[in-house]
Amino acid sequence: MIYLKTNDEIELLRENNILVSQTLAEVGRHIKPGVTTKELDRIAEDFIRAHGAIPSCLGYEGYPAATCISVNEQVVHGIPSDYVIKEGDIVSVDLCTFMKGFNGDSAYTFAVGEIDDDVRRLLEVTKEALYKGTAQAKVGNRVGDISAAVQEYAESFGYGVVRELEGHGLGRKMHEAPGVPNYGARGRGPLLKEGMVICIEPMITMGNRAVVFERDGWTVRTRDRKPAAHYEFAVAIRKDGPDVLTDFGIIENALNN
């Protein structure tokens with residue numbers, strides 16, 4: 001069942017997703033060599049709770065932390081730990097909030113100091129793939145139009161597009177229908193209608209697309225151990241085009257100041 005949201009519900013979703021962006025900005029300020037991913041998780045949880053929300057990742061199907069923090073070859077769902085961040089790492093932070101009956105959900109991949117040029121290009125292409133997919137999130141299109149836009153752009157650079165994980169609907173539940181794969185064919189999949197809210201989240205690998213699920217039951221990494229990047233928008237489908245509820249500007253302004 002795909003739930004269409006009212007304008008008021010979309011504004012509550014926007015409020016959550018702005019808080020997610022603010023939390024990612026706060027975490028981003030602290031991502032530097034010598035900091036553990038567990039410390040970043042604490043910063044995120046404290047910030048979320050201080051703003052009247054709860055971290056909806058914590059306890060979700062038994063997940064043990066407020067954030068998913070994935071470093072280098074980890075694609076998604078890395079569990080915060082005593083890992084000490086170092087110069088040249090890339091750190092993907094994915095987090096969710098729950099406030100006023102609705103969820104926020106976004107992810108951003110941060111560069112730690114100076115990173116290799118080929119890794120920087122991976123981040124740039126993954127983010128641009130997100131924008132390409134988001135541009136297709138409009139009434140009358142289908143999920144496959146989003147999926148194909150992401151896949152075509154990422155693969156044009158020779159990158160892998162992870163197929164085992166996908167975006168999703170967002171609302172009162174963190175994960176709702178429809179699924180939003182990062183690969184597919186234009187004109188296929190569920191029809192996009194006014195009031196749908198979806199998360200678009202390219203997970204792109206520098207090498208091939210094969211992934212391994214670690215024994216902790218959560219962490220997904222590349223099989224070839226080459227780096228991966230992950231960015232995520234929450235988007236409302238509107239008649240006049242995509243309404244992005246996430247604000248990367250908040251994150252990027254924090255990193256540049």
Side-chain angles (χ1 to χ4, degrees), residues 1-6 9-10 13-14 17 75-77 92 94 96 102-109 122-213 220 222-223 228-246 248:
M1 176 76 70
I2 296 175
Y3 294 98
L4 304 181
K5 279 73 179 181
T6 66
E9 289 173 332
I10 288 172
L13 283 160
R14 190 189 313 278
N17 282 288
V75 183
V76 287
H77 302 161
S92 171
D94 187 358
C96 304
F102 287 87
N103 286 275
D105 185 4
S106 182
Y108 196 93
T109 302
L122 172 68
L123 269 56
E124 291 169 351
V125 169
T126 303
K127 190 193 292 183
E128 185 61 26
L130 170 60
Y131 295 144
K132 297 283 189 188
T134 299
Q136 299 300 315
K138 51 192 176 184
V139 171
N141 275 2
R142 292 185 177 272
V143 167
D145 295 305
I146 298 171
S147 307
V150 171
Q151 181 182 13
E152 289 165 9
Y153 188 75
E155 289 184 348
S156 74
F157 290 84
Y159 295 145
V161 178
V162 174
R163 300 194 176 202
E164 289 80 358
L165 303 135
E166 63 184 13
H168 52 88
L170 182 71
R172 292 188 180 277
K173 294 182 178 179
M174 190 194 310
H175 294 133
E176 298 184 353
V180 184
N182 292 306
Y183 69 98
R186 294 181 187 275
R188 304 292 294 273
L191 184 67
L192 300 177
K193 299 179 180 180
E194 173 89 14
M196 289 173 64
V197 177
I198 58 174
C199 287
I200 303 169
E201 49 179 318
M203 291 159 265
I204 308 300
T205 65
M206 185 180 287
N208 65 53
R209 64 179 176 82
V211 297
V212 172
F213 289 75
V220 180
T222 57
R223 183 177 294 169
H230 178 211
Y231 292 88
E232 178 179 11
F233 272 165
V235 184
I237 309 301
R238 303 284 202 174
K239 289 175 183 173
D240 55 355
D243 180 4
V244 180
L245 308 181
T246 308
F248 278 180

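Only a predicted model underlies this, so the values are computations on that prediction, with no experimental measurement involved.
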Under the side-chain contact (heavy atoms from CB on, under 4.5 Å) criterion, do I198 and I146 qualify, and how do the steps go?
CA-CA 11 Å; I198 58 174; I146 298 171; 3.6 Å; yes
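- Here the side chains of V161 and I204 are in contact, with some heavy-atom distance below 4.5 Å.
- Looking at heavy atoms from C-beta onward, Y231 lies in side-chain contact with L123 at the 4.5 angstrom threshold.
- Note: H175 and H168 have perpendicular aromatic rings, judged against thresholds of 30 and 60 degrees for the angle between ring planes.
- Between V143 and G179, the shortest heavy-atom contact is CG1-O, 3.7 Å.
- D145 contributes no side-chain N or O that, together with a main-chain N or O of R186, makes up a donor-acceptor pair within less than 3.5 Å.
- Distance alone, capped at 3.5 Å, is enough to place a donor-acceptor pair between the T109 side chain and the H230 backbone.
- In terms of heavy atoms, G184 sits closest to A148 at O-CB, 3.4 Å.
- Between L4 and K193 the shortest heavy-atom distance is CD2-CB, 4.2 Å.
- Taking CZ of R172 as the start and CD of E9 as the end, the distance is 5.5 Å to the nearest 0.5 Å.
- In the displayed structure, F248 atom CZ is contacted under 6.0 Å by more than 12 heavy atoms of other residues, nucleotides or ligands.
- Counting non-hydrogen atoms of other residues, nucleotides and ligands closer than 6.0 Å to NZ of K5 gives a total above 12.
- Without hydrogens or angle criteria, N182 side chain to E201 main chain gives a donor-acceptor distance under 3.5 Å.
- A distance of 9.5 Å separates OG of S92 from NE2 of H77, quoted to the nearest 0.5 Å.
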side-chain contact (heavy atoms from CB on, under 4.5 Å) evaluation trace for D105 with D94
CA-CA 7 Å; D105 185 4; D94 187 358; 3.2 Å; yes
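- Here OG1 of T134 is found 10.0 Å from CD of E128. Values are rounded to the nearest 0.5 Å.
- Looking at heavy atoms from C-beta onward, L165 lies in side-chain contact with V76 at the 4.5 angstrom threshold.
- Side chain of T246 to main chain of A234: a donor-acceptor pair is present (N/O by atom type, distance under 3.5 Å, no hydrogens or angles).
- A 4.5 Å side-chain heavy-atom check between R14 and L245 finds at least one atom pair inside the cut-off.
- The OH atom of Y153 sits 12.0 Å away from atom CG of L130, with the distance rounded to the nearest 0.5 Å.
- Side-chain N or O atoms of S147 include one that pairs as donor or acceptor with a backbone N or O of P181 at under 3.5 Å.
- For the pair M196/P178, a side-chain contact is recorded, criterion being any heavy-atom separation below 4.5 Å from C-beta on.
- Contact record, Q136 with A149: CG-CB, 3.9 Å, taken as the closest heavy-atom pair.
- Looking at S106, its side chain does come within 3.5 Å of a backbone N or O of E232 through a donor-acceptor pair.
- Looking only at side-chain heavy atoms (C-beta outward), I10 and R238 come within less than 4.5 Å of each other.
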Evaluation steps, side-chain contact (heavy atoms from CB on, under 4.5 Å), between K127 and Y108
CA-CA 9 Å; K127 190 193 292 183; Y108 196 93; 3.3 Å; yes
N17 and L170: side-chain contact (heavy atoms from CB on, under 4.5 Å), yes or no, with the steps?
CA-CA 11 Å; N17 282 288; L170 182 71; 3.8 Å; yes
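- Considering all non-hydrogen atoms of both residues, M174 and C96 come closest at SD-SG, 3.6 Å.
- Here F102 contributes atom CZ and L13 contributes atom CG; the two are 5.5 Å apart, rounded to the nearest 0.5 Å.
- Under the side-chain contact (heavy atoms from CB on, under 4.5 Å) rule, V211 has a single partner from R223, M203, E164, which is E164.
- Closest heavy-atom contact between P190 and I2: CB-CD1, 4.3 Å.
- With rounding to the nearest 0.5 angstrom, the CE atom of M206 is 10.0 Å from the OG1 atom of T222.
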